[in-house]
Amino acid sequence: MKLNERSVAHYATCDSPPDKTGFLFKKGERNTAYHRRWFVLKGNMLFYFEERDSREPIGVIVLEGCTVELCESTEEFAFAIKFDCVKARVYKMAAENQAAMESWVKALSRASFDYMRLVVKELERQLEEIQEANPQDELQLISGPSKENGVAWSKPPAALANARAPPVPPRRKGASLESPVCPGTGCFSKLHDWYGREVEELRVQWLQTFAPFGDATFQSCLD
Amino acid sequence: MRFNEKELVLLSRQPSERAAELGMRGPKKGDVVKKRLVKLVVNFLFYFRTDEEEPIGALLLEQCRVEREDSQTFSIAFLDEAERKYVFECDTEEQCAEWIDSIIKASYEFMRKNLIYYRTEIHRLTGKVRPLAAARRCAKCHTDGASNQQRSYRGMVTVRFGVHIIITINSRQTGRLMKGDGFGFARQC
């Protein structure tokens, strides 16, 4: 079966932040020795490289429909990734210490798209419940697709399309006392600078909401 | 690059978000449009020859751009090779719009953004940092699974959410994991 391998390999090394990285020992298929490899987990894809600074992965394990279990092994801190199909391969792995093993097992068992989808649905349901209990002020839709490098990249998340977007800044009526620039001004760069300041302030506020989460990495969001 | 092909083929047989016969043209010059059964499963787009069990190929839908080419046609291009487009011809404008929407939402990265958004909103409205800790209901049928908790020795908690999902969570109360303890996420039905 064909796969868009070049693009998949690019996904492994592109600058999107990985969910977890580290060295693990992986048992070979034919050569049954354990080989030390550099592993990169991104979403439901577990890539492995020969070295930490290798440019291309040797391979990838797609983590859908699998379970992760601790297992009996000559190696310490061993675990296995098992799939539920006939003659499925069992990927035997070993970590370097107890903490690493537990951390990897936790991360890998939550990595599937299926699991993520359920978590997102559950949070969406919870948010709807909360919003129904606490009606908010009229929220404005964010109009238009978000752009990246001048190219329409992706639509805002589904939730935004349901008029539950993050609140937009309050509308200004006429010239504000704090600024010489009236929104009616036709000079774009002045408008840009003026709104830019407010956007920056809002952004700082928004980023601060991550403070309780410590490092706002994806894995911590799944707890 | 090696990949677990057998398991990917198995994945292509799972229930899909969307499946239809579309005209598909590969990205190489000289590729022509061919009728293919196109199936969207998680963040993969599989394509089959009609009536064949095993897919010809799969496209991982991460770091890609979906564009409308004309009223009934859309394309998928990957960021590392933006000029190479996979083109898909639909039967109607509506079908085309639905496919574009589904593919955009099919990426893991897209779901991640949603997750972060919901979590921060819940936190903003309730102050709760770990909303999932409260989730004891089946995500599918919403029955309360809290009564179905089983606590095994060494603090492993298996929570059955209704009859639909089993999520095994380590409650980490008593420390070390033991061999045979498992973490798994498996659908029961």
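The basis for the numbers below is simple: all heavy atoms, side chains too, and nothing from hydrogens, waters or symmetry mates. A note on names: the letters A, B, ... follow the listed sequences, proteins ahead of strands, and every chain is numbered from 1. What you are looking at is a predicted structure, and each value in this text was computed from that prediction instead of being measured.
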Might you work through the side-chain contact (heavy atoms from CB on, under 4.5 Å) test for B:M1 and A:R6, ending with a clear yes or no? CA-CA 9 Å; B:M1 188 182 67; A:R6 256 203 309 244; over 6 Å; no

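- Residue B:E62 holds its CD atom at 8.0 Å from OG of A:S16, rounded to the nearest 0.5 Å.
- The list of side chain to side chain donor-acceptor pair (under 3.5 Å) pairs with a residue in residues 48-59 of chain A, not counting sequence neighbours, is empty.
- The candidate from A:V8, A:D84, A:I61, A:I58 with the greatest count of non-hydrogen atom pairs under 4.5 Å with chain B is A:I58.
- Here the shortest heavy-atom pairing between A:S7 and B:F78 reads OG-CB, 3.3 Å.
- In this structure, the side chain of B:E5 engages the main chain of A:M1 through a donor-acceptor pair within 3.5 Å.
- Residue A:E124 holds its CD atom at 7.5 Å from CG of B:N114, rounded to the nearest 0.5 Å.
- The side chain to side chain contact (heavy atoms under 4.5 Å, CB included) search around B:T92 returns B:E94, B:Q95, not counting sequence neighbours.
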Output, in order, the C-alpha distance, side-chain angles, deciding distance and verdict of side chain to side chain donor-acceptor pair (under 3.5 Å) for A:Y11 and B:Q63. CA-CA 7 Å; A:Y11 177 51; B:Q63 301 286 306; over 6 Å; no

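- With a 4.5 Å cut-off on side-chain heavy atoms, B:F3 and A:E5 count as touching.
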Run the side-chain contact (heavy atoms from CB on, under 4.5 Å) check on A:L127 and B:L125 step by step: do they pass? CA-CA 9 Å; A:L127 181 60; B:L125 295 172; 3.8 Å; yes

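- Inter-residue side-chain proximity for B:E7 and A:E64 is flagged as unmet; no heavy-atom pair is nearer than 4.5 Å.
- Heavy-atom pairs under 4.5 Å with chain A were tallied for B:E109, B:K6, B:R84, B:E81; the largest tally goes to B:E81.
- Within the 3.5 Å criterion, the main-chain N or O of A:A111 finds a donor-acceptor partner in the side chain of B:Y108.
- With B:N4 contributing its side chain and A:V62 its backbone, the two residues share a donor-acceptor pair below 3.5 Å.
- Heavy-atom proximity under 4.5 angstrom to chain A picks out B:V9, B:L10, B:L11, B:E17 from residues 9-26 of chain B.
- Under the 4.5 Å side-chain criterion, counting only non-hydrogen atoms from C-beta, A:D19 is in contact with B:R112.
- Other residues, nucleotides and ligands place no more than 12 heavy atoms under 6.0 Å from the CZ atom of B:R2.
- Using a 4.5 Å cut-off between heavy atoms, A:Y91 contacts chain B through its side chain alone, with no backbone atom that close.
- Taking CD1 of B:I122 as the reference point, atom CD of A:E129 lies at 9.5 Å (rounded to 0.5 Å).
- Between chain B and the options A:A80, A:A78, A:G59, the largest number of non-hydrogen pairs under 4.5 Å is found for A:G59.
- Of all residues spanning residues 40-61 of chain B, those with a heavy atom less than 4.5 Å away from chain A's heavy atoms are B:V42, B:N43, B:F44, B:F46, B:Y47, B:P55, B:I56, B:G57, B:A58, B:L59, B:L60, arranged by number.
- The neighbour count for A:E76 CD, taken as heavy atoms of other residues, nucleotides or ligands under 6.0 Å away, does not exceed 12.
- Between chain B and the options A:L3, A:V120, A:I130, heavy-atom pairs under 4.5 Å are most frequent for A:L3.
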